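Report on one structure; see the data block that follows.
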Protein chains: 2
Amino acid sequence: MGATKSLEFSAKENRLAKYAKALAHPARVAILQLLAKKQACVCGDIVDELPLSQSTVSQHLKELKDAGLIKGDIEGAKVCYCIDEKEWKAAQSSLNQLFDSFKSGSNCC
Amino acid sequence: MGATKSLEFSAKENRLAKYAKALAHPARVAILQLLAKKQACVCGDIVDELPLSQSTVSQHLKELKDAGLIKGDIEGAKVCYCIDEKEWKAAQSSLNQLFDSFKSGSNCC
DNA sequence: TAATTATATCGCAATATTACGATTGATTTT
DNA sequence: AAAATCAATCGTAATATTGCGATATAATTA
């Protein structure tokens with residue numbers, strides 16, 4: 001055992017979990033902050049900003065890309081990473097939908 | 001190796017990652033949905049709603065509690081779980097802060 | 001074209017997560 | 001008091017994540 005029982009849950013729940021998982025590491029949060037502020041789009045610049053090796057950063061970038069939150073544009077030898085606006089908004093809305101489903105003061109205990 | 005280098009990142013980044021991690025599993029998303037809708041506060045009711053064993057659900061509840069998102073009230077032999085309103089809002093705000101730091105159309109590529 | 005630069009991927013080790021049955025320690029119920 | 005119920009924890013197995021060095025591949029520069 002140990003495999004996640006994803007199939008037992010709804011598509012919506014899995015989608016939300018997927019987005020959350022992408023944000024579930026401080027390095028990936030840091031990368032997204034950089035990209036959001038547009039201070040570093042090129043992979044190498046991101047590597048320079050983080051206390052991690054090139055290969056590790058590359059892996060985190062891949063995870064963010066797999067989650068759909070960012071996309072990479074090849075520019076010659078370099079790669080320019082950017083936030084995927086559409087998915088970014090989908091993720092935010094997905095998360096807020098959960099948060100907003102709780103009404104203030106409606107707690108049973 | 002393999003240990004997360006949390007200490008190399010800011011408190012803010014780690015806090016956001018901590019909240020995201022709590023939401024990074026469909027079972028925990030499902031639990032929070034239930035609690036938000038207040039249809040099931042008692043641990044046993046949550047177990048009945050999920051396709052997971054009692055011990056596994058208990059573990060997920062513990063993780064949500066450790067992240068601060070929920071709290072458990074002992075009511076005799078039962079335990080009533082509820083969303084922690086304060087942390088819930090803190091988590092939402094923390095996440096939205098990141099999402100809102102990206103301005104539409106400001107992409108470099 | 002050779003050397004350099006930029007990024008991705010492979011292989012591995014360490015650690016963390018997911019899941020469950022069994023057990024434990026409480027509270028209720030009988 | 002004995003039996004049943006509720007939920008946390010322990011132990012363990014399977015799987016996933018994190019991290020890095022080494023290597024591979026592609027583009028750029030000398």
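Please read all numbers here as calculations on a predicted model, not as lab measurements. All chains are named by letter (A, B, ...) in the order of the sequence lines, taking the proteins before the strands, and each is independently numbered beginning at 1.
- Residues A:D45 and A:F9 both approach DNA chain C. Their nearest nucleotides, taken by heavy-atom distance, put A:D45 toward the 5′ side.
- As judged by a 4.0 angstrom heavy-atom cut-off over every strand, B:L52 is placed among residues touching the sugar-phosphate backbone only.
- Counted by atom type alone, A:T4 and A:S6 present zero donor-acceptor pairs between their side chains at under 3.5 Å.
- Listed pair A:H60 / D:dT17 fails the phosphate criterion, with no side-chain N or O lying under 4.0 Å from OP1 or OP2.
- Here the P atom of nucleotide C:dC10 and the CD atom of A:Q59 are 11 Å apart, to the nearest Å.
- In this structure, CD on B:E8 lies 10.5 Å from CG on A:L50, to the nearest 0.5 angstrom.
- Taking atom NZ of residue B:K18 and atom C1' of nucleotide C:dA16, one finds them 18 Å apart after rounding to whole Å.
- Rounded to a whole Å, the CG atom of A:D48 is 13 Å from the C1' atom of C:dT7.
- Checked against C:dT9, D:dA8, C:dA19, the side chain of B:C43 finds its nearest nucleotide in D:dA8.
- Residues A:E87 and A:Y19 have side chains that bring a donor and an acceptor to within less than 3.5 angstrom of each other.
- Picking from C:dA6, D:dC6, C:dC20 the nucleotide with the shortest atom distance to the side chain of B:K78 gives D:dC6.
- Summarising the geometry, the separation between NZ on B:K21 and C1' on C:dT17 is reported as 9 Å, rounded to the nearest angstrom.
- When each of A:E75 and A:H25 is assigned the nucleotide of DNA chain D bearing its nearest heavy atom, the one mapping closer to the 5' terminus is A:H25.
- Ring geometry for A:F102 against B:W88 counts as perpendicular: the plane angle is over 60°, on a 0 to 90° scale with 30° as the lower cut.
- For A:I31 and C:dT7, the CD1 to P distance is 13 Å, given to the nearest whole Å.
- Closest to the B:T56 side chain, of the nucleotides D:dG19, C:dA19, D:dC6, is C:dA19.
- Backbone-only engagement by B:E63 is indicated by non-hydrogen atom pairs under 4.0 Å involving sugar-phosphate atoms exclusively.
- Atom CG in A:L61 sits about 14 Å away from atom C1' in D:dT18, given to the nearest Å.
- The listed nucleotides are D:dA27, D:dT18, C:dA19; the one nearest the side chain of A:A77 is D:dA27.
- Counting only heavy atoms from C-beta on, A:V79 has its side chain closest to C:dA8 among D:dC20, C:dA8, D:dA7.
- If you check distances only, the side chain of A:Q54 never reaches the base of C:dA6 with a donor-acceptor pair under 3.5 Å.
- Between the side chain of B:S55 and the base of C:dG21, a donor-acceptor pair under 3.5 Å is found.
- The structure places CD1 of A:I83 at 8.0 Å from CG of A:L69, a figure rounded to the nearest 0.5 Å.
- Using a 4.0 Å heavy-atom distance criterion, B:V42 is classed as a sugar-phosphate-only contact.
- For B:Y81 and D:dC6, the shortest distance from a side-chain N or O to OP1 or OP2 is not below 4.0 Å.
- For B:L7 and D:dT18, the CG to C1' distance is 15 Å, given to the nearest whole Å.
- When distances run from any side-chain atom of A:S58 to the nucleotides C:dA8, D:dG19, D:dA8, the shortest one goes to C:dA8.
- Rounded to the nearest 0.5 angstrom, B:L64 CG and B:R28 CZ are separated by 6.5 Å.
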